[in-house]
Novice: 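Just dropping this structure here.
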Amino acid sequence: MEQLNAALTRFVEQQDLYNAAYGLFKNHDLRPREQPCQPEVDERIPLSPELQYLYSHYEMMDEQAEGTLKMKSAAVEIGDAALLSFVAPEHLHRQQLGYRWIGMSEPYQEAPSWKTNHVVIANFNDDPLIVDTAAPNSPVYAAFTGEEPQLIANSLSDFFNALAILIEAARAYGGELKDEETYETKPEYLEQVEPVLNVFLGEEYTAHLFEYLSFR
């Protein structure tokens, strides 16, 4: 887990630096736990070793969820271009509704086309971010709702490294990544991060990530 630990440490460092300077949310982020603990996860949700490490060592903070029915999640900002919501482990079952499980109420039905080893851990604009819990190193997929998932990282550590790269560069632009007139992602930002991401993810996976985040 050394690579994942290093990637998460790098991600949290960049997240905290960005939030301190430009973040829009307070007490609504991903933080290291003071002590590792066994995460509270529905027994029907398979966890890979990497997800087990993430949820036992990191907490999804969400001050606004306390005492409400809101699904607790951590907000991850990539400037003004993207906002990812990482659900807390105790709400992973609810996060799978509409993907693995379908229906209006309990008992929900298993979606025949959904792989049970695919676990939705986050979303962007209600589109799922998925971990393959049966494959080595926990590859990460992204999908537009109703479409086939596309691989964006060969491992969970590669994915968090990619987030750190994107957030660090966003801080250099003061968080302003969208053109005020066209609302498109600034090409100079993409030109800065794309070569670096290609090293971690490869060109194909970087292209899938940019499409998922609506960067292009």
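Because the structure is predicted, anything quoted here is derived from the model rather than measured.
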Novice: Evaluate the side-chain proximity of Leu201 to Asp158: yes if any heavy-atom separation is below 4.5 Å, no if none is.
Specialist: yes
Novice: Against Asp62, only a single residue in Lys70, Arg31, Lys72 fulfils salt bridge (charged side-chain N to carboxylate O under 4.0 Å, His left out); can you say which?
Specialist: Lys70
Novice: Stepwise, does the side-chain contact (heavy atoms from CB on, under 4.5 Å) test hold for Asp42 with Glu90?
Specialist: CA-CA 7 Å; Asp42 189 287; Glu90 60 266 31; over 6 Å; no
Novice: Distance-only criterion, 3.5 Å: show the donor-acceptor pairs between side-chain atoms of residues 1-13 and protein atoms not counting sequence neighbours.
Specialist:
| from | atom 1 | to | atom 2 | distance (Å) |
| --- | --- | --- | --- | --- |
| Asn5 | OD1 | Tyr53 | OH | 3.0 |
| Thr9 | OG1 | Asn5 | O | 2.8 |
| Arg10 | NH1 | Asn161 | OD1 | 3.3 |

Novice: What is the minimum heavy-atom distance between Leu92 and Ile121, and which atoms define it?
Specialist: CD2-CA, 4.4 Å
Novice: Which heavy atom of Ala143 sits nearest to which heavy atom of Tyr212, and what is that distance?
Specialist: O-CE1, 3.8 Å
Novice: Evaluate whether atom CD of Gln64 has more than 12 neighbouring non-hydrogen atoms of other residues, nucleotides or ligands under 6.0 angstrom away.
Specialist: no
Novice: For the side-chain hydrogen bond (donor to acceptor under 3.5 Å, both in side chains) test, which of Glu184, Glu194, Glu211 pairs with Arg216?
Specialist: Glu194
Novice: So, for Ile152 and Leu209, which heavy atoms are closest and what is the spacing to 0.1 Å?
Specialist: CG2-N, 3.7 Å
Novice: Between Tyr189 and Asp179, does the side-chain contact (heavy atoms from CB on, under 4.5 Å) criterion hold? Intermediate values first, please.
Specialist: CA-CA 11 Å; Tyr189 170 76; Asp179 186 281; over 6 Å; no
Novice: Do Phe86 and Phe25 sit in the same hydrophobic cluster, where Ile, Leu, Val, Met, Phe, Trp and Tyr count as joined when their side-chain heavy atoms come under 4.5 Å apart?
Specialist: no
Novice: side-chain contact (heavy atoms from CB on, under 4.5 Å), that's the test. Do Leu197 and Phe210 meet it? Break it down for me.
Specialist: CA-CA 10 Å; Leu197 285 176; Phe210 280 7; 3.5 Å; yes
Novice: Is there a side-chain contact (heavy atoms from CB on, under 4.5 Å) between Ile78 and Leu177 once you walk through the steps?
Specialist: CA-CA 9 Å; Ile78 305 175; Leu177 308 183; 4.2 Å; yes
Novice: First locate atom CD of Gln192, then atom CD of Glu168, and finally report the distance between them rounded to the nearest 0.5 Å.
Specialist: 8.5 Å
Novice: Heavy atoms only: give me the nearest Val87-Gln95 pair and the separation to one decimal.
Specialist: CB-OE1, 3.7 Å
Novice: Rounded to the nearest 0.5 Å, what separation is found between the CG atom of Asn27 and the CD atom of Glu66?
Specialist: 10.0 Å
Novice: Between atom OH of Tyr141 and atom CG of Asp132, what is the distance when rounded to the nearest 0.5 Å?
Specialist: 5.5 Å
Novice: Name the orientation class of the two ring planes belonging to His93 and Tyr108 (parallel below 30°, tilted from 30 to 60°, perpendicular beyond 60°).
Specialist: tilted
Novice: If you count heavy atoms of other groups shown closer than 6.0 angstrom to CD of Glu34, is the number above 12?
Specialist: no
Novice: I need the minimum non-hydrogen distance between Lys178 and Ser214, along with the two atoms involved.
Specialist: NZ-O, 3.6 Å
Novice: Could you walk me through whether Ser85 and Asn123 satisfy the side-chain hydrogen bond (donor to acceptor under 3.5 Å, both in side chains) test, starting with their C-alpha distance in whole Å, then the side-chain angles of each, then the deciding distance to 0.1 Å, before giving a yes or no?
Specialist: CA-CA 5 Å; Ser85 296; Asn123 62 76; 4.5 Å; no
Novice: Checking side-chain polar atoms at under 3.5 Å, does Thr133 have a donor or acceptor matched by the opposite partner on Ser48?
Specialist: no
Novice: Indicate whether any N or O donor in one side chain lies under 3.5 Å from an N or O acceptor in the other, for His118 and Arg100.
Specialist: no
Novice: Please find the pair of heavy atoms, one from Val140 and one from Ser155, that lie closest to each other, and give the distance.
Specialist: CG2-O, 4.0 Å
Novice: Within 45° of the ring axis of Trp101 and under 6.0 Å from its six-membered ring centre, is that where the NZ or CZ of Arg94 lies?
Specialist: no
